[in-house]
Structure formats: structure tokens, C-alpha cells
Peer 1: 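Okay, handing you the structure first.
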Amino acid sequence: MSEDRTKTAEVARTVRRITFRQRYRMVMAAPFAWLIALPLAGILDALSEADVESDHIPHPFNPAVPVLLAAALSAWPLVRAVRARRNIAAVVFGAAWLMVASAASPTGLVAEVGVAGWLVFALLHWRRHRRLPVPGRTEPVEEPEVVVEQVEIDPEVARILQRFDERLAGKGKALEGMKLTTPKRIEAGHRAEIRAVPGDKTTKDIMQAAERVASAFQTSTQLAVLEPVPYRDNSRAMLTLLEGDTLAQVRRFEDLQPRIGKDGRAHIGYFYDLRPAHWAFFTKSGGMRHGIIVGDSEAGKSRSVETLISLAHLSDKIATVLLDPQGGSMPDWNGRTHRCALGEDDCMGEVELWHWVMRRRVHFLARIPWVDEDGDERRGKTHLVPGDPDAGGMTGVFFVLEEAPELLQHDVHGKRAVGMLASGAKTWRKGGGGIVLVAQDPNMTELGGSVTLRAQLRKNACALRTQTPGAAYQMGLPHDPSLLPATFEDGSLTQGLAYLNGIDRRAALMRWLYTEKPKYIARQPAAGRIDDMTMGWIEEFLAAKKEGREPRAGGGRRTDEPRSTPGDVKAAIIDVLADEGGTALELGELLHLVLKRRVVAPPSEINAQLKRLVTDGRVWRVAKDGGEAFALPEEIVERMKV
């Protein structure tokens, strides 16, 4: 079988050689084809010189006809040469010579020029094609010289790589066998990835060597920072080597003027690599978000809370409630928030009030009718997004408990306060309430022994410098905040320096933006307000307490009065709108005024009857201050006046 294949290959090779030789002969003989131009020029010249009168023979040809024939015969070779981009000069010369010879006769100087041109172009042709590769024969190919560009390596990058390999990745070292990618220059220093052997070491193993890494580069853990990579790879970690204390510079709230965005996030500071750090007041998918801030005395807890309250104070979708069991933690904001309670007794009363009000808000949201993005009618919402037009623009409530242990460990109120706040951490979010708890340590003693409370507040977890270790584990942070220094290298205090874990999906070192003069912001009128419906529930709770009775449970109805019929509800709505004389009312204000008319019906029923009136054309839906409001048509108002 192998012999047959060998014979077949030999025959094929022989055929290719014969074909090549024939093609080679034709290529080398190509210049002789030009010699056909000589007799052709003679024929054309004879036609142009015909003497009709001397020979007495009539002749149809004009002297210009041979020249035109020469041009036509040269057109096709010229087109082929131009398309192939080869022998263009030779073809142009031949065409021009043929036309001249046809007009002036191919003799004398014309013939000599033609022969000379033919020799020149023939020699050039033979020189170009004298070495064609023979099939089956491998000719040596000269390889072009390869020039390798020498890239200069940054000396600092080379030093980082050398130190890592020698002091950390060597045998028996802290990060044995691991690799460091080439460090890239960033605004604050250099950044690279530490890559462990997959399945051998994890990101946690790398993070635990933070002090060894700082020692290898002869710096501090604040300047040699380790954190998990932003993508999902548990065998890698990010190493950032800072050139200096990037967070030592004080950055003011007033200079940047941050605000709570439409997505509920607000700029509250900067991470160590100078990227913005954010706090999530609420999200569209989950409503209000809770948070916890811990830190030692003079670490900056109260100043951090002032930044959050300032942001809420300047938002038209958030109302603020400040509870201060000590009574003197935040003097600039005492009495400046929408509601404020000072001392343990008043704080406990405020917690009871909001625990009841939030349940009423949850019951209300569970029954409101609305239309989703597909145009389908729905009933009830799982949570409140502040400013939701379906809920009448109901505002969120930002609830701050300063010095929380003073209330949670109180002899009389402690146990009840812990129970209500632990329950509230699970349910207030649905009614639009966000809790921020402030303490010195996140241990169970400080929080009244409630694991649930601490776990629910870790959506926004911020740990400034603490007294005792352990806060890293308790708050889900990669580093121990007890190791944070009290001063920077320049001697300035590190107030506001903290580890933040939240909406930015990174647990890293950051520093808060601080207000230079909190009192100036506190003296401004709040941009938002507590909505009318919530104010009605607050008044109902306070009235019941004043009368010495417990307020009725949310979602129930009065037993001493029969429930209002749909007709009574519609009549009350029209009467309220008529009393306004054509002025449009927002949903919350309208519901509040209808309920004050002793209408015994839940807000959801009032809202449903209002929508039916709109469908029937008896009430108009109008725009007011960018929101939704309702008013009576002019003809109905005029008729009711009569």
C-alpha cells in the first residue's frame, strides 16, 4: 500500500514539473509576442498610404482609420495590465509606438525606437522571471531580521515584584508559591493582584497575611491594603500600595454638596484609592435600608451621623427622626429634625409610637391598588419606595438612635426597646422606615443581646476605630477596626477613618465627608416632610395615649360605628374636593381629609373609590408640583355652589 502511494506521489510530482516547465517556457517567450506589432504596423501603414488617384482604385479608408485601429487593438492589453498592476509601462509604450508607426510608417527612426524599447522591456521581463520555484524543490528562504523592542521597566514596579518574590512568595514565606501580576499605576500608588494556586489557598488566606505583606514592603497596613477582587474568584486578592496617606486630607461636605440620588444612594466619603464611598438610604428593589455605625470615643461617630442626617435633611423624599438617650450627643440637630426625642423615657415613647405607625403604614401599603409596567391592575405592595406616586408620595423615615446602648441596656426600657427594634429591623423597611444604630462596639452586650438586630442592620456597616478586637467578624469586615491608628503620619487625627461594607460591594478603608458647620444645614428648612397620612396616624396614637388607652390595631375598624358604604365614601371625596373650590389635592392630603369626616373605611377602600370616580369622569387627575393630584371638574364645582 505504501509503494502505491509512493508511485502516485512520484507521478504527480513529475506532472507538476512538466507543467511548470511549459509554463516557464511560455513566460520566458512572452516578449516575442510583441514582434507581431511590426507586420501589423506595416499593414496599417499600407492602408494609410493608398493612393486612390494614381491607382485609379476607389479606396474607403481615411488616413486616421489605421491610427484608431491601432488604439483599439491596444485597449484590451492595456486594461489587463492596469487590473493586474503589472507590465503597465511596457503596454503603454507598445500602444503608443503602434499608433505612431501607423501614422508615420514603421521605418527609419520609428523602427529603431521600437526595437530598442522591445529589448529594454524584454530584458527587464527575463530578469524578473528567471528564478521561478520548481515544484517539489524547497528553496532556502531568507528569514527577515527580527527586531525586539526593549521596553524599559519602571524601577518601582521591578522593586515591588522583587520584594514580593523574595519576601512573600518564597519557600516557607507567608504567601508561598503565589504570583503577583505586574503592578499598574493608579492615582494613589500601584495596584496588582495576588494569585494563589486554585484549590490550594483562598482569598481569606491572603487577607490574613495583611500584616506580613505590610512588613515585606516596610509600610503600614493602611498603606499596603488587601481586599477581595471585585469579581468572583476566591483564589485572588487585590493588593494596593499607596504612596502616602491619601485619606489624611480633610474633604468637606459643603465643598462637594452631595445629595441622595434617585436610586437612594448618597456620596458620604472616599475609599483609600480615592473612589467615592456611598451609603444606601433606600433601593427601588428593597425600600429603606438599615445601617449600623460603631466606633470608640473621638473616632468620629457623631460627625458621621451628622453627615447622614444632613443628607436626609436636604432630601424631599426623607423625613428624619433623632433619638438621643444621653441628650447631648448632637446639639446642632436637637429639635431640628422632623421629630426628636432626648432622654431614655422620651426615646422609649418615640420607639413605641413609630413601631405602631409603621405597622399602620405596612397595612396601608398592603391594600393600595396600582398598575404595573405591563398595564395589569395589582393590589398591595411589598415595600415603600420613598415618593412612590401609587402611595400618594409617602415619604421614607430615617430613624437614628444615637448612643444606642443607653436605651438598649436600660433597666426599665431595655428589654422592650430591644424587642421593638429587633422586630422593626425586620418589618419597618416594608413601611418605609430605615434604622441607623450608633454604638461603641457591635458586641451582643452593647446591643442588648439581640443577634437579629445586629444582623438586620448590616446592610450599611461602618466601623470606625474600636476599643476591642472582634468587630471585623461581627460586622462582616475583612480587617480589624481596632488596629486603625489614632493619627496620620502628619500628626492629624484620623476622625472619620473607617471600614465600610455596603452598597459599593466592597469592604474597604474609607474616610467620611464631614460638615464644617452642621448648624448651618440644620437651620435650613427641611426639604421633605412627614406625609399627611402618617401625621394622622401619629395624632391618633398620641390622642389614644393622652386618653389613657391603647390605640387600635392597624388594619382594624371601629366597632362603635358601622362601616361606611361605597356611596358614602364617594360623597365624602367629592365634598372634600368641593370645599377646596377647585384646588387640586394630593392623594395623602385627600385621604387625610376624608378620614377626618368620620368615614369608617380603610385608606385602601377610599383609594379604590377615588379611582372609580376618576374612571367615571367625576374627578380629574391632574399634575401638581411634579406629582399626582385630584380635583373636581369646573361644572361640578359650579353646580355644587348653586
Peer 1: Between N460 (side chain only) and H290 (backbone N and O only), is there a donor and an acceptor less than 3.5 Å apart?
Peer 2: yes

Peer 1: CG of L464 to CD of Q440: how many Å apart, nearest 0.5 Å?
Peer 2: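 If we round to the nearest 0.5 Å, L464:CG and Q440:CD are 11.5 Å apart.
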
Peer 1: Should we count CD of E547 as having more than 12 external heavy atoms under 6.0 Å?
Peer 2: yes

Peer 1: List the atom of A299, the atom of Y514, and the distance in Å for their closest heavy-atom pair.
Peer 2: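 So the minimum-distance heavy-atom pair works out to O-OH, 4.3 Å.
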
Peer 1: Side-chain donor-acceptor pairs under 3.5 Å in residues 418-437, sequence neighbours left out?
Peer 2:
from, atom 1, to, atom 2, distance (Å)
T427, OG1, S423, O, 3.0
W428, NE1, H355, ND1, 3.2
R429, NH1, G286, O, 2.7

Peer 1: Given T534 and R361, is the side-chain hydrogen bond (donor to acceptor under 3.5 Å, both in side chains) satisfied, shown in steps?
Peer 2: CA-CA 7 Å; T534 302; R361 284 165 65 112; 2.6 Å; yes

Peer 1: I want to check something: taking the side chain as every heavy atom from C-beta on, are R259 and S315 in contact at a cut-off of under 4.5 Å?
Peer 2: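 They are not in contact (no side-chain heavy atoms under 4.5 Å apart), so the answer is no.
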
Peer 1: Looking at H313 and A522, what are the two nearest heavy atoms and their distance?
Peer 2: NE2-O, 4.0 Å

Peer 1: Measure the shortest side-chain to side-chain distance between P551 and R360 over non-hydrogen atoms and say whether it is less than 4.5 angstrom.
Peer 2: no

Peer 1: Quick one, R236 with Y231, criterion side-chain hydrogen bond (donor to acceptor under 3.5 Å, both in side chains). Give me CA distance, side-chain angles, the key distance, then yes/no.
Peer 2: CA-CA 10 Å; R236 302 182 181 185; Y231 51 89; 3.2 Å; yes

Peer 1: Flag this pair as yes if the NZ/CZ of R621 is under 6.0 angstrom from the six-membered ring centre of F630 and inside a 45 degree cone about the axis; otherwise no.
Peer 2: no

Peer 1: Identify which one of L323, T320, L322, L353 satisfies the side chain to side chain contact (heavy atoms under 4.5 Å, CB included) criterion when paired with R339.
Peer 2: L353

Peer 1: What do the steps show when you test K381 against D388 for salt bridge (charged side-chain N to carboxylate O under 4.0 Å, His left out), and what is the final call?
Peer 2: CA-CA 11 Å; K381 291 200 171 186; D388 186 355; 2.6 Å; yes

Peer 1: Quick one, T240 and I186 - any side-chain contact, counting heavy atoms below 4.5 Å?
Peer 2: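 Result yes, sub-4.5 Å side-chain heavy-atom pair found.
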
Peer 1: Output, in order, the C-alpha distance, side-chain angles, deciding distance and verdict of side chain to side chain contact (heavy atoms under 4.5 Å, CB included) for E580 and L593.
Peer 2: CA-CA 11 Å; E580 297 299 319; L593 293 176; 4.1 Å; yes

Peer 1: Considering residues at least two apart in sequence or located in another chain, which fulfil the side chain to side chain contact (heavy atoms under 4.5 Å, CB included) criterion with A463?
Peer 2: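 Partners of A463 under the side chain to side chain contact (heavy atoms under 4.5 Å, CB included) test: V294, M475, L477, P481.
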
Peer 1: Short question: side chain of S235, backbone of P198 - any donor-acceptor pair under 3.5 Å?
Peer 2: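 Between the backbone of P198 and the side chain of S235 there is no qualifying donor-acceptor contact (under 3.5 Å).
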
Peer 1: Do other residues, nucleotides or ligands put more than 12 heavy atoms under 6.0 Å from K317 NZ?
Peer 2: no

Peer 1: State, to 0.1 Å, how close V305 and E402 come at their nearest heavy-atom pair, and which atoms those are.
Peer 2: CG2-OE2, 4.1 Å

Peer 1: Do any N or O atoms from the side chain of D372 and from the backbone of D374 form a donor-acceptor pair under 3.5 angstrom?
Peer 2: yes

Peer 1: Taking the six-membered ring for Trp and the single ring otherwise, decide whether the centroids of F398 and F281 are under 6.0 Å apart.
Peer 2: yes

Peer 1: Have Y499 and E227 got a donor and an acceptor in their side chains that come within less than 3.5 Å?
Peer 2: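 Checked: Y499/E227 side chains show no N/O donor-acceptor pair below 3.5 Å.
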
Peer 1: Counting only N and O atoms by type, is there a donor-acceptor contact under 3.5 Å from the side chain of H383 to the main-chain atoms of V362?
Peer 2: no

Peer 1: Would you say N443's side chain and T445's backbone share a donor-acceptor pair under 3.5 angstrom?
Peer 2: yes

Peer 1: Side chains of D263 and F282: does their closest heavy-atom pair fall under 4.5 Å?
Peer 2: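 SC-SC contact between D263 and F282 ruled out.
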
Peer 1: side-chain hydrogen bond (donor to acceptor under 3.5 Å, both in side chains), that's the test. Do D345 and H413 meet it? Break it down for me.
Peer 2: CA-CA 8 Å; D345 295 339; H413 305 306; 2.7 Å; yes

Peer 1: To the closest 0.5 Å, what do you measure between CG (L226) and CE (M238)?
Peer 2: 10.5 Å

Peer 1: Shortest non-hydrogen contact from R252 to L513?
Peer 2: O-CD2, 4.2 Å

Peer 1: Stepwise, does the side chain to side chain contact (heavy atoms under 4.5 Å, CB included) test hold for D390 with V371?
Peer 2: CA-CA 9 Å; D390 294 327; V371 179; over 6 Å; no

Peer 1: Distance check, rounded to the nearest 0.5 Å: L247 atom CG versus M510 atom CE?
Peer 2: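 Rounded to the nearest 0.5 Å, the CG-CE separation comes out at 8.5 Å.
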
Peer 1: For the NE2 atom of H267 and the CD atom of Q257, what is their distance to the nearest 0.5 Å?
Peer 2: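 H267 NE2 to Q257 CD: 13.0 Å, rounded to 0.5 Å.
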
Peer 1: So which heavy atom on L365 is nearest to which on A391, and how close?
Peer 2: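 Minimum heavy-atom contact is CD2-CB, 3.9 Å.
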
Peer 1: Does the distance from a Lys or Arg side-chain N to an Asp or Glu carboxylate O, for K517 and E254, drop under 4.0 Å?
Peer 2: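 Judged by the 4.0 Å cut-off on N to carboxylate O distance, K517 and E254 do not form a salt bridge.
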
Peer 1: Are any of the side-chain heavy atoms of L311 and P258 separated by less than 4.5 Å?
Peer 2: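 Yes, their side chains come closer than 4.5 Å.
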
Peer 1: Under 4.0 Å between a side-chain nitrogen and a carboxylate oxygen: does that hold for E352 and R416?
Peer 2: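 Result for this pair is yes, salt bridge flagged.
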
Peer 1: Spell out, as yes or no, whether a donor-acceptor pair under 3.5 Å connects the side chain of R367 to the backbone of H363.
Peer 2: yes

Peer 1: Could you tell me whether a side-chain N or O of R511 sits under 3.5 Å from a main-chain N or O of G269, the two making a donor and an acceptor?
Peer 2: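 Not a single qualifying donor-acceptor pair exists.
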
Peer 1: Hey, could you give me each pair passing salt bridge (charged side-chain N to carboxylate O under 4.0 Å, His left out) that has a residue in residues 267-294? Not counting sequence neighbours.
Peer 2: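 Every salt bridge (charged side-chain N to carboxylate O under 4.0 Å, His left out) pair that includes a residue of residues 267-294, provided the two are not neighbours, is R191-D273, D273-R275, D273-R506.
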
Peer 1: Are any side-chain N or O atoms of D205 and backbone N or O atoms of T202, one a donor and one an acceptor, separated by less than 3.5 Å?
Peer 2: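 Such a contact is found between D205 side chain and T202 backbone.
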
Peer 1: Can you tell me how far CG of L591 sits from CE of M533, rounded to the nearest 0.5 angstrom?
Peer 2: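 That separation rounds to 4.0 Å.
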
Peer 1: Looking only at heavy atoms, what is the nearest atom pair of L500 and C462, with distance?
Peer 2: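 Closest approach of L500 to C462: CD1-CB, 4.0 Å.
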
Peer 1: Could you give the distance from CD (E406) to CG (L408), rounded to the nearest 0.5 Å?
Peer 2: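 Between atom CD of E406 and atom CG of L408 there are 10.0 Å.
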
Peer 1: Kindly determine whether E516 and F253 satisfy side chain to side chain contact (heavy atoms under 4.5 Å, CB included), including the steps that lead there.
Peer 2: CA-CA 7 Å; E516 187 173 5; F253 182 94; over 6 Å; no

Peer 1: Salt bridge or not for D504 and R265, using N-O below 4.0 Å?
Peer 2: yes

Peer 1: Kindly indicate whether the side chain of P325, heavy atoms from C-beta on, has any atom under 4.5 Å from the side chain of L401.
Peer 2: yes

Peer 1: Can W354 and V321 be said to form a side chain to side chain contact (heavy atoms under 4.5 Å, CB included), step by step?
Peer 2: CA-CA 10 Å; W354 283 105; V321 177; 3.7 Å; yes

Peer 1: How about CZ on R549, more than 12 heavy atoms from neighbouring residues, nucleotides or ligands closer than 6.0 Å, or not?
Peer 2: yes

Peer 1: Please examine the side chains of M394 and F364, heavy atoms only from C-beta on, and report whether any two atoms are closer than 4.5 Å.
Peer 2: yes

Peer 1: Kindly determine whether D324 and S329 satisfy side-chain hydrogen bond (donor to acceptor under 3.5 Å, both in side chains), including the steps that lead there.
Peer 2: CA-CA 7 Å; D324 188 356; S329 300; 3.2 Å; yes

Peer 1: Do L590 and V576 make a side-chain contact, defined as non-hydrogen atoms from C-beta onward lying under 4.5 Å apart?
Peer 2: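 In contact.
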
